[in-house]
Structure formats: structure tokens, C-alpha cells
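We number each residue from 1, following the sequence as shown. As the structure is a prediction and not an experimental result, all values here were calculated from the model.
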Amino acid sequence: MRPLLSWAGWRAVLARTYSPGPSAGYRGASGAQGSVRNPPVGTCDLQGELDRFGGISVRLARLDALDRLDAAAFQKGLQAAVQQWRSEGRTAVWLHIPILQSRFIAPAASLGFCFHHAESDSSTLTLWLGEGPSRLPGYASHQVGVAGAVFDESTRKILVVQDRNKLKNMWKFPGGLSEPGEDIGDTAVREVFEETGIKSEFRSLLSIRQQHTNPGAFGKSDMYIICRLKPYSFTINFCQHECLRCEWMDLNDLAKTENTTPITSRVARLLLYGYREGFDKIDLTVEELPAVHTSLFYKLYHKELPDNYKTMKGIY
Ligand SMILES: [Mg+2]
């Protein structure tokens, strides 16, 4: 099929769009956009955004005219654009390619672009244009798993499961992988409910394990966090797909049994210590604080801080 945009047209549009002058269709880091007015018939309205590090982001999803552009024409256009960005002193190019335009990945790769990351419906490629080795940040380095140590203080029982798909059946706390945008405590409560049918609420964070080259982490590192939860339902209805067994076990028995993983054993002993000496000895509690540079909030976990230290009133 004939490309919608000829090489000459493509080149003209690139030159116009990426020229840094105020009249060019250039979108600055502040979000201000000098958009191209009335693009000539047969050209696409190509927009790049400049970030605060001097890099350019190009989102192919916004370029309707690319629908009928072939890979070879795209490669030529991209090559010319890269040359221009280099001459303008840009530090990097971020190329966002929707999955249905994946035919543009190979041409970009042949110009030196590499994958930065991919999500379900798009991939992002980068090309470092600055001096020396690339200073672009990598993508996610860890997956995050969260388990709930659901402890009933009135009976001294703790909720434990055995995984179904394991070669060796050992007692452990129910848990699973955190979903994007999910608070740690919410993951623990959700996973406990999905795997055991027990309803609970978040109390504190007890431990963090970091493990590299975990076989289930798609080549990433694994961060495994165990939370202390308080149950408010007690009838077990466990997930047959994931669990082989599920029961309320005396905390002393879990702390002493050999049929468990080292991390479960250690946290059972930590809980026993907290149960006897006070949970303030082991708990990292959570508080929400405002971020300085955005209007967002975040969760901060640490050992309980006395109020007078929080306010610094009367502290010298
Ligand atoms: Mg699980």
C-alpha cells in the first residue's frame, strides 16, 4: 500500500514539528503546546514533548497519519528526526509505540533504539543522545509480594496455609503479588481473603525480604513484605486452586515447627515476642503524609514515634 505520507512530506513535517522555535509545533516541558495549525493535506501532525532532562517523548498513538505509513518510510523519517534532535542537543528520545503499530519497533531498533519497558498495549523504546553512557533510569527492578500474618490475640492462633503447587508442603502465611497502585496493607487483606476467606484489617508491617533472581519474578528482584493483620471473621473457606491446606494454628506451634519456611519461622517468633512483650516492640505502623512536589500523599512506615517527637514541642 502506498504510504499516506511521502518521504518528502514526512521530512517536512518532522522539520516543522521539531524545530525549537516558538512557532513550530513543539510542546514544551511545561505542557504549553504550540500546536501546528492546519497541517497540509497528506501530512501527519507529529508532536514531540520535551522533558525537564532535555529528552524528547514521541507518542505514536497520537499520530493518526502513521496508520498507513510503512516501516521503511518511518525509519527514514525517524533517522532524520534523530539527526535533528542530536543537532539541537537533545539528551534522549523516548518512543512510545502502541502494540498495533509494532511494525515500527524493528526500524527504530535498527537506528539504535532499545526496549525500555512494555505494558499490555504499548512498548517504550529509548535512544540515548547525550554524551557518555546513558543516564536514563531503568524500569521496575522488583516485584512486590505481600503476606498477611493474621493473628488472633484472644486465642493465640495464627492463620497458615500450604501452597498447592509446591514440591514440598510447608506452612506459610497467605499472600500474593501487589497490584499496581495498591497499598501494601490492602494487598495483604485482599490476598488473605482471596486465599482463605478470612476477613481482616491491617495493623502493621513486620518484615521486608529482598531476594534477587527469584525464579518467579521474570528476571526481576523480589520484595516480600509480611504484615500483621487482625481477623474479624474466623470461618475458613480456602481457595482450592492455590492452597492445599489452611488452618488456625497455635502461634507457639508455628514458632517451633520444622515444617515451615525460614522466613515464616522467624516472623512467627517475632510475633510471639510482640505478643508477650508488646506489639510496639515489633510493629512498623503507617501514617499518611503529603508529598512536597506534588499534590499527592504517600504512606510512611516506621516504629511508633511519641507525639512530642512528631511535633517537636518541648524537645530540645
Ligand atoms: Mg498466594
Side-chain angles (χ1 to χ4, degrees), residues 94 96-99 102 105 114-126 134-150 159-198 200-229 238-244 246 260-268 270-271 283-286 288 291 294 296-302:
W94 299 79
H96 303 276
I97 304 186
I99 193 166
S102 293
I105 291 175
C114 292
F115 279 124
H116 184 265
H117 65 272
E119 296 288 350
S120 58
D121 59 355
S122 74
S123 58
T124 297
L125 285 75
T126 55
S134 169
R135 292 196 301 275
L136 294 179
Y139 195 50
S141 59
H142 289 68
Q143 71 170 15
V144 177
V146 188
V150 189
L159 185 67
V160 283
V161 297
Q162 288 186 8
D163 276 343
R164 177 167 289 281
N165 302 312
K166 290 278 153 72
L167 296 174
K168 211 170 171 191
N169 294 314
M170 295 184 140
W171 292 113
K172 52 160 265 200
F173 302 121
L177 296 179
S178 207
E179 289 175 2
E182 188 173 50
D183 279 346
I184 292 167
D186 292 342
T187 305
V189 166
R190 175 181 57 73
E191 284 284 344
V192 163
F193 181 70
E194 286 173 7
E195 292 183 10
T196 69
I198 296 297
S200 63
E201 59 191 27
F202 177 80
R203 278 288 177 272
S204 71
L205 199 151
L206 294 174
S207 71
I208 300 173
R209 178 190 78 176
Q210 186 189 32
Q211 188 182 50
H212 303 296
T213 58
N214 182 300
F218 306 100
K220 298 294 173 189
S221 301
D222 182 82
M223 193 81 85
Y224 178 56
I225 299 170
I226 302 181
C227 300
R228 183 167 74 85
L229 306 182
F238 69 88
C239 169
Q240 304 288 334
H241 294 295
E242 191 164 350
C243 306
L244 194 63
C246 176
T260 189
T261 62
I263 187 171
T264 309
S265 184
R266 176 60 61 91
V267 170
L270 188 70
L271 267 173
D283 281 345
L284 299 184
T285 52
V286 66
E288 195 164 76
T294 62
L296 302 172
F297 285 81
Y298 56 76
K299 299 265 167 36
L300 186 68
Y301 301 82
H302 60 68

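A distance of 9.0 Å separates CG in L205 from CG in D283, rounded to the nearest 0.5 Å. Between I208 atom CD1 and Y224 atom OH the span is 13.0 Å, to the nearest 0.5 Å. Rounding to the nearest 0.5 Å places OG1 of T261 at 9.5 Å from NZ of K166. A distance of 4.5 Å separates OG of S207 from CD1 of I263, quoted to the nearest 0.5 Å.
At a threshold of 4.5 Å between non-hydrogen side-chain atoms, the residues C243 and T196 do not count as touching. In this structure, the side chains of L159 and C246 come closer than 4.5 Å at one or more pairs of heavy atoms. Residues I226 and R266 fail the side-chain proximity criterion, which asks for heavy atoms closer than 4.5 Å. You'll find the side chain of R190 reaches within 4.5 Å of the side chain of E182, heavy atoms only. Counting heavy atoms from C-beta on, the side chains of Q162 and W171 come closer than 4.5 Å. Side-chain contact between F202 and V286 is present, with at least one heavy-atom pair separated by less than 4.5 Å.
Without hydrogens or angle criteria, D163 side chain to N165 main chain gives no donor-acceptor distance under 3.5 Å. Put simply, the side chain of E191 never gets that close to the backbone of A147: no donor and acceptor are under 3.5 Å apart.
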For this session: Take I184 and K299 through the test side-chain contact (heavy atoms from CB on, under 4.5 Å) and record every step on the way to the result.
Result: CA-CA 9 Å; I184 292 167; K299 299 265 167 36; over 6 Å; no
For this session: Please lay out, stage by stage, how V161 and K172 fare under the test side-chain contact (heavy atoms from CB on, under 4.5 Å).
Result: CA-CA 6 Å; V161 297; K172 52 160 265 200; 4.1 Å; yes
For this session: Please lay out, stage by stage, how N214 and R209 fare under the test side-chain contact (heavy atoms from CB on, under 4.5 Å).
Result: CA-CA 12 Å; N214 182 300; R209 178 190 78 176; 4.1 Å; yes
Name each donor-acceptor pair under 3.5 Å that joins a side chain in residues 115-124 to protein atoms two or more places apart or in another chain, with its distance.
residue, atom, partner, partner atom, Å
H116, NE2, P137, O, 2.7
E119, OE2, Y139, OH, 2.3
T124, OG1, H96, ND1, 3.0

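With sequence neighbours excluded, the residues forming a salt bridge (charged side-chain N to carboxylate O under 4.0 Å, His left out) with R203 are E201, listed by chain and number.
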